[in-house]
**Student:** 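Please see the structure below; I have some questions.
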Amino acid sequence: MPELPEVETVLRTLEHQIKGNEIVHIEVRYAKMIDAIDAQEFTKLLVHQHFIDFSRVGKYLIFGMNDVNLVVHLRMEGKFYIYQKDEDPYSKHAHIIFMLDDGRKLVYHDVRKFGRMYVYDKDVILYEQKAFQHVGYDAFDSHVDANYLYQQAKRRKTTLKQFLLDQSVMAGVGNIYADEIAFRSKLHPETKIYHLTKKDFEMILENTRIILQGAIKAGGTTIRSYTSSLGVDGKFQLQLKVHMKKGEACPTCGNSIDKIVVGGRGTYVCRTCQKRK
DNA sequence: CGCATTCCCTGGGTGC
DNA sequence: TGCACCCAGGGAATGC
């Protein structure tokens, strides 16, 4: 599932591939992918627009076009593929096909159909729109510091894992990296956040950025081997230490990694290294 | 307001 | 081999 680092990788790859290209035609094969407007309106707003700039807040991709911003959330399994002029872009899971001015197609694939696309006029303030209603500062935003996290944590009774996953506090961390961040911080994911000090949040934030930055770097190296016909899904090669490692040895102490459920999410933890505060 | 629960989807896994 | 069933999971909506 794409989290901040994968979204960043997808963005950079697409920037490299389609910056400056014009959308000449759109085929919407599954309209529920689009928020608030119908397929016809979506098409009307985007045809003849050019991909100008590429940015991101948390896990949301933002394509700046001439008159509108196209916002995309990949959720669980959303992927963009670029097909060459002579390639067949159709498949069971190809839901939206953007025909480009040079004959290539940008294709949105999504097996579970959880992804969402939003189109907003450039006249409106983007971050006040529905897509960003529950999205706080990006994890790399300078507004996010130890004091901010501490203040946010004070009034919540929730666990560290759920806090890290709460996009309204800090946007970008998903299930995989939340586990890795808790592990690197030597804190049990079920730690109640009101037990944590400002100093703890300093350490947690530092680890968050190290983990995310490391994954972006790993994605960046992977992406060089991508050819245009392969999926632009931001696969990364970062060595995960606990996530999906149930029963395997903890890289620090050698004890077996447990799988538990925290806030309804599958969670991997080393009982020995990660303490409840 | 916070927090828990339900829903959206489908492939993959399990059990018979 | 096939069928019924259950589950994962990000985030919005709903309920308390």
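In what follows, chains are A, B, ... by sequence order, proteins preceding strands, each numbered from 1. Note that the coordinates shown come from a computational prediction; the quantities given were computed from them, not determined experimentally.
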**Student:** Quick check on DNA chain C: between Phe114(A) and Tyr118(A), whose nearest nucleotide comes earlier from the 5' end?
**Tutor:**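 This one resolves to Phe114(A).
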**Student:** In whole angstrom, what separates Leu61(A)'s CG from dG11(C)'s C1'?
**Tutor:**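 Taking atom C1' of dG11(C) as the reference, CG of Leu61(A) is at 16 Å.
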**Student:** At 4.0 Å (heavy atoms only), tell me whether Glu77(A) reaches a base, stays on the sugar-phosphate, or touches nothing.
**Tutor:**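 Here Glu77(A) touches no strand at all.
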**Student:** Name the nucleic acid region contacted by Arg75(A), choosing base, sugar-phosphate or nothing; use a 4.0 angstrom heavy-atom cut-off, strictly under.
**Tutor:**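 Counting heavy atoms under 4.0 Å across all strands, the contact made by Arg75(A) includes a base.
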**Student:** Is the terminal nitrogen or CZ of Lys154(A) (NZ for Lys, CZ for Arg) located under 6.0 angstrom from the six-membered ring centre of Tyr194(A) and within 45° of that ring's axis?
**Tutor:**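 That pair does not qualify as a cation-pi contact.
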**Student:** Tell me: CZ of Arg155(A) to P of dC1(B), nearest whole Å?
**Tutor:**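 In whole Å, dC1(B) P lies 8 Å from Arg155(A) CZ.
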**Student:** Pairs in or reaching into residues 14-23 of chain A: which pass salt bridge (charged side-chain N to carboxylate O under 4.0 Å, His left out), with residues at least two apart or in two chains?
**Tutor:**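 Listed by first then second residue: Arg12(A)-Glu15(A), Glu15(A)-Lys19(A).
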**Student:** I'd like to know if Lys246(A) pairs up with Asp258(A) as an ion pair, taking the criterion as any Lys NZ or Arg NE/NH1/NH2 lying under 4.0 Å from an Asp or Glu carboxylate oxygen.
**Tutor:**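 No, no charged N to carboxylate O under 4.0 Å.
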**Student:** Under 4.0 Å, counting only non-hydrogen atoms across every strand here, what does Gln133(A) touch: a base, just sugar-phosphate, or nothing?
**Tutor:**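 The answer is nothing, as Gln133(A) stays clear of every strand by at least 4.0 Å.
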**Student:** Between the base of dA8(C) and the side chain of Arg265(A), is there any donor-acceptor pair under 3.5 Å?
**Tutor:**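 Check fails, no donor-acceptor contact within cut-off.
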**Student:** Nearest whole Å is fine: how far is dG11(C) P from Lys113(A) NZ?
**Tutor:**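 Nearest whole value for this atom pair: 21 Å.
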**Student:** How bent is the helix from dG2(B)-dC16(C) to dC16(B)-dG2(C), comparing axes over its five end pairs at each side, to the nearest 10°?
**Tutor:**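 Rounded value for the end-axis angle: 50°.
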**Student:** Could you give me the CA-CA distance, side-chain angles and deciding distance for Asp145(A) and Phe201(A), then say whether side chain to side chain contact (heavy atoms under 4.5 Å, CB included) is met?
**Tutor:** CA-CA 8 Å; Asp145(A) 59 19; Phe201(A) 281 111; over 6 Å; no
**Student:** Would you indicate which nucleotide in dG9(C), dG2(B), dG11(C) comes nearest to any side-chain atom of Arg112(A)?
**Tutor:**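 Closest nucleotide among those given: dG9(C).
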**Student:** Under 4.0 Å between a side-chain nitrogen and a carboxylate oxygen: does that hold for Asp179(A) and Lys161(A)?
**Tutor:**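 Answer for the salt bridge query: yes.
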**Student:** Starting from P on dG9(C), measure out to CG on Asp110(A) and report it in whole angstrom.
**Tutor:**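 After rounding, the gap between these two atoms is 16 Å.
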**Student:** Decide yes or no, distance alone: a donor-acceptor N/O pair under 3.5 angstrom between the base of dG11(C) and the side-chain of Arg116(A).
**Tutor:**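 Flag unset: no donor-acceptor pair detected.
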**Student:** Take atom NZ of Lys59(A) and atom P of dG10(C), then tell me their distance rounded to the nearest Å.
**Tutor:**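 Result: 6 Å.
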**Student:** Evaluate the salt bridge (Lys or Arg N to Asp or Glu O under 4.0 Å) criterion for residues Asp200(A) and Lys277(A): first the C-alpha distance (whole Å), next the side-chain angles of each, then the deciding distance (0.1 Å), finally the verdict.
**Tutor:** CA-CA 10 Å; Asp200(A) 290 325; Lys277(A) 271 205 85 170; 2.9 Å; yes
**Student:** Between residues 30-38 of chain A and DNA chain B, which residues have a heavy-atom gap below 4.0 Å?
**Tutor:**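 Of all residues in residues 30-38 of chain A, the ones placing a heavy atom under 4.0 Å from DNA chain B are Tyr30(A), Lys32(A).
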**Student:** Looking at His134(A), does any N or O in its side chain come under 4.0 Å of the phosphate oxygens OP1/OP2 on dG10(C)?
**Tutor:**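 Answer no for this pair, as no side-chain N or O of His134(A) is under 4.0 Å from OP1 or OP2.
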**Student:** Rounded to the nearest angstrom, tell me the gap between atom NE2 in His109(A) and atom P in dC9(B).
**Tutor:**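 Between P of dC9(B) and NE2 of His109(A): 19 Å.
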**Student:** Specify the separation, in whole Å, of atom NZ of Lys79(A) and atom P of dG11(B).
**Tutor:**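 Going from Lys79(A) (NZ) to dG11(B) (P), I get 13 Å.
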**Student:** Is the phosphate of dG11(C) approached by His73(A) (side-chain N or O, under 4.0 Å from OP1 or OP2)?
**Tutor:**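 Yes.
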**Student:** Using a cut-off of strictly less than 4.0 Å, decide whether Lys92(A) has a side-chain nitrogen or oxygen near OP1 or OP2 of dT10(B).
**Tutor:**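 For Lys92(A), the contact criterion (side-chain N or O under 4.0 Å from OP1 or OP2 of dT10(B)) is not met.
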**Student:** Looking only at side-chain atoms of Arg156(A), point me to the closest of dG10(C), dC3(B), dT10(B).
**Tutor:**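 Of all the options, the side chain of Arg156(A) is nearest to dC3(B).
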**Student:** With Lys199(A), which residues qualify under side chain to side chain contact (heavy atoms under 4.5 Å, CB included), at least two apart?
**Tutor:**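 Here the qualifying residues are Thr197(A), Glu202(A).
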**Student:** Looking at the side chain of Asn175(A), which of dG10(C), dG11(B), dA4(B) is the nearest nucleotide?
**Tutor:**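 For Asn175(A), the side-chain atoms sit closest to dG10(C).
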**Student:** Are Ile34(A) and Val111(A) linked, directly or through intermediate hydrophobic residues, by side-chain heavy-atom contacts shorter than 4.5 Å (ILVMFWY only)?
**Tutor:**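 No, separate clusters.
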**Student:** Which residues pass the side chain to side chain contact (heavy atoms under 4.5 Å, CB included) test with Arg56(A), sequence neighbours left out?
**Tutor:**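 Arg56(A) satisfies side chain to side chain contact (heavy atoms under 4.5 Å, CB included) with Leu4(A), Val7(A), Glu8(A), Leu11(A), Asp138(A), Phe140(A) only.
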**Student:** In whole angstrom, what separates Ile193(A)'s CD1 from dG2(B)'s C1'?
**Tutor:**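 Computing the Ile193(A):CD1 to dG2(B):C1' distance gives 11 Å.
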**Student:** Checking contacts here: which listed nucleotide (dA8(C), dG11(C), dG10(C)) is nearest the side-chain heavy atoms of Tyr60(A)?
**Tutor:**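 Minimum distance to the Tyr60(A) side chain belongs to dG11(C).
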**Student:** Is it the case that Tyr268(A) and Glu248(A) place a side-chain donor and acceptor less than 3.5 Å from each other?
**Tutor:**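 No, because no side-chain N or O of Tyr268(A) sits under 3.5 Å from a partner of the opposite role on Glu248(A).
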**Student:** Output all residues satisfying side chain to side chain contact (heavy atoms under 4.5 Å, CB included) with Ala39(A), sequence neighbours left out; order by chain, then residue number.
**Tutor:**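 Ala39(A) satisfies side chain to side chain contact (heavy atoms under 4.5 Å, CB included) with Val28(A), Ala31(A) once adjacent residues are dropped.
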**Student:** Tell me which nucleotide among dC3(B), dG10(C), dG11(B) gets nearest to the side chain of Met76(A).
**Tutor:**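 Shortest atom-to-atom distance from the side chain points to dG10(C).
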